[in-house]
Amino acid sequence: MVTEDRYKVAGRLMLLRSQGKISFGDLRDQFGSIQLFVRSNEVEDFALFNSLNLGDWIGVEGRIGKTKKGELSIFVESFTLLARAERNFGDKWHGVSDTDTRYRQRYVDLWANPASRETFAKRFKMISLMRRFLEDRGFFEVETPILHPISGGALAKPFVTHHNALDANFYLRIAPELYLKRLIVGGFERVFEIGRVFRNEGISPRHNPEFTMLELYQAYVDYSDIMNLVEELLCYLAVELNGSLEIEYQGKTLDFRRPWRRATLEELASESLGYEISLETPFEKLVDIAKSLSIKIEPEWGPGKLVLEIYEATTEHRLWNPTFVMDFPVEVSPLARDHRSKAGRVERFETIVAGRELANAFSELNDPREQRRRFMHQVEMGRAGDDEAMSMDEDYIRALEYGLPPTGGLGIGIDRLAMLLCDASQIREVVAFPAMRPEVFD
RNA sequence: GCCCUCCUGGCGCAAUGGUUAGCGCAACGGACUUUUAAUCCGGCGGUUCUGGGUUCGAGUCCCAGGGGGGGCACCA
């Protein structure tokens, strides 16, 4: 019934059932719970044990065994109060459901709500698995600056900060892309970075102003190879974390079984509309279609932007199972390489899952003269009023002039991926400390 | 930025416009030597987010503000 082996365990007291001269408690640590069995004539501070509050941290020592009801328990011989919980963790049965408390005081949520704890365990495990997957394939995990003198690598509004000693403004990075490709120029052939990026935009169920990106770059491959890598990586994660290639998301099944559908952006948009459109469709007709979809057209838009907008309005949200959307217009892809056979398109794809963009990838543009033209176009767009346009990055051009080998690159939004794998409808369920309006203490 | 909605003891919930705002858990005191959200008994705990208004009477209806959530827009 009770072994002679002595064990020491520490954790937090979650339940206490005092019953006269014996008491039962549930002790929980990182990995699980175990029942404590305490007898008044076997423990010196029996009264103190009964006066513990739920939430107190204690260390116990005793023998392991089973109670009469068969519950595995520690038969406590001594215990130590390690730290008091001066506040309690809410209803022991219902936990804490108030979202304000859950997001602002995640430490409470994690203890009070096991589901929240499981979600974050899964998220952290997912990131660990990604590292293992990539390291097994010869990728180096690297670090690049977060303070950028020029905001680049994506189309987004940056946060601005100031360095006093240099008396210069810096931007919190919106993407690590341009630095990672500099590392490829410098001779690292496979690199990845998992890190926070910052975009000064609205907060919504799918947007947190700081979020985590995986970006990777591999020399000597193109976007087709990257598609294969994305399939392999996501299937690996689905199986490791959810045990299946078919996962439940918001009450519907997502089928990750390979191969995933691959189709061009123009094909998919045409499919949605029920008639053919392409970059070659007369401009006025594209404008008419966009207007009929209530798209707010900006004067600086060309056919590429129009087709992209039409695709996003008609198609993206409908793509449920993983789909590779290929061959974006060059006009909206300033860092991607021209398509090898289709003028006006680049070798770029997005991976759409559950109607949302999960990954964005391309064969990297490595021609410095063409890159300069693309930047120039971005600068013009910026002058025309596009506050998400990229700036000229002379050093990046200079790096390309030293030679960037043919390279495939990929970015994956980790938070969105975690939402899928954790069946979360909101990004705040998978971001431990989501952005909130600063709390006022009075 | 726009629209909708919510806010009641520490936590979870209740209260057709009508006494002194109830209940469970926690906390506090007590009973109990095999419990499983233990059970039983006792007392304590709330300016119903804030400020106005309508009303004989407001937790409830109206207005404004604060905070949260959902949706739209933008994006990842």
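Sequence lines set the chain letters: A, B, ... in the order given, protein chains first and strands last, and positions in each chain run from 1. From a predicted model like this one, the values you see are computed outputs, not experimental measurements.
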message = Counting only side-chain nitrogens and oxygens, does A:Arg199 get under 4.0 Å of the OP1 or OP2 atom of B:C74?
response = no
ask   = Starting at the 5' end of RNA chain B and moving along, which residue's nearest nucleotide shows up first, A:Asp98 or A:Glu350?
value = A:Asp98
ask   = Taking OP1 and OP2 of B:A37, is either one under 4.0 Å from a side-chain nitrogen or oxygen of A:Lys92?
value = no
key: Polar side-chain contact A:Asp91-B:G24 base: donor and acceptor under 3.5 Å   = yes
ask   = For B:C13, does either OP1 or OP2 sit under 4.0 Å from a side-chain N or O belonging to A:Ser97?
value = yes
task = Please check if the distance between the ring centroids of A:Phe349 and A:Phe362 is under 6.0 Å.
result = no
ask   = Which part of the nucleic acid does A:Arg356 contact within heavy-atom distance under 4.0 Å: base, sugar-phosphate only, or nothing?
value = nothing
request  = Please indicate yes or no: is the ring centre of A:Trp93 less than 5.5 Å from the centre of the six-membered base ring of B:G12, with the two planes inclined by under 30 degrees?
outcome  = no
query = For B:G1, which nucleotide in any strand shown is its Watson-Crick or wobble partner with both distances under 3.5 Å?
reply = B:C72
request  = Kindly give the heavy-atom pair with the smallest separation between A:Glu266 and A:Asp327, and that separation in Å.
outcome  = OE1-O, 4.3 Å
request  = Under a 3.5 Å limit for both distances, which nucleotide forms a Watson-Crick or G-U wobble pair with B:G42, could you say?
outcome  = B:C28
key: Members of residues 6-16 of chain A that approach RNA chain B, where some heavy atom sits under 4.0 Å away   = A:Leu15
ask   = Between A:Arg206 and B:A73, is there a side-chain N or O to OP1/OP2 distance below 4.0 Å?
value = no
Listed pairs under 3.5 Å, donor-acceptor, residues 78-88 of chain A side chains, sequence neighbours left out:
residue : atom : partner : partner atom : Å
A:Asn88 : OD1  : A:Gly90 : N            : 2.9

task = Indicate the atoms forming the closest heavy-atom contact of A:Tyr223 with A:Glu347, along with that distance.
result = CD1-C, 3.3 Å
ask   = So which pairs with a foot in residues 7-20 of chain A pass salt bridge (charged side-chain N to carboxylate O under 4.0 Å, His left out), sequence neighbours left out?
value = A:Arg17-A:Asp26
message = What I'd like to find out is whether the side chain of A:Glu77 reaches to under 4.5 Å of the side chain of A:Glu61, using heavy atoms alone.
response = no
task = Using the C1' atoms only, state how far B:G53 lies from B:G57, rounded to an integer number of Å.
result = 15 Å
message = Please name the nucleotide paired to B:G18 by Watson-Crick or G-U wobble geometry with both distances under 3.5 Å, or report none.
response = B:C56
task = Could you measure between the two C1' atoms, the one in B:C13 and the one in B:U48, and give it in whole Å?
result = 14 Å
request  = By nearest nucleotide on RNA chain B, pick out whichever of A:Val96 and A:Asn53 is the more 5' one.
outcome  = A:Val96
remark   = Checking N1-N3 plus N6-O4 or O6-N4 for Watson-Crick, or N1-O2 and O6-N3 for wobble, each under 3.5 Å, the partner of B:G12 is B:C23
query = Rounding to the closest angstrom, what is the interatomic distance between B:U50 and B:G66 at atom P?
reply = 15 Å
key: Distance, P atom - from B:U47 to B:A21, rounded to whole angstrom   = 11 Å
ask   = Counting any heavy atom closer than 4.0 Å, what does A:Ser18 reach on the DNA or RNA strands: base, sugar-phosphate only, or nothing?
value = base
query = For atom P, what is the distance between B:G67 and B:G46, given to the nearest Å?
reply = 27 Å
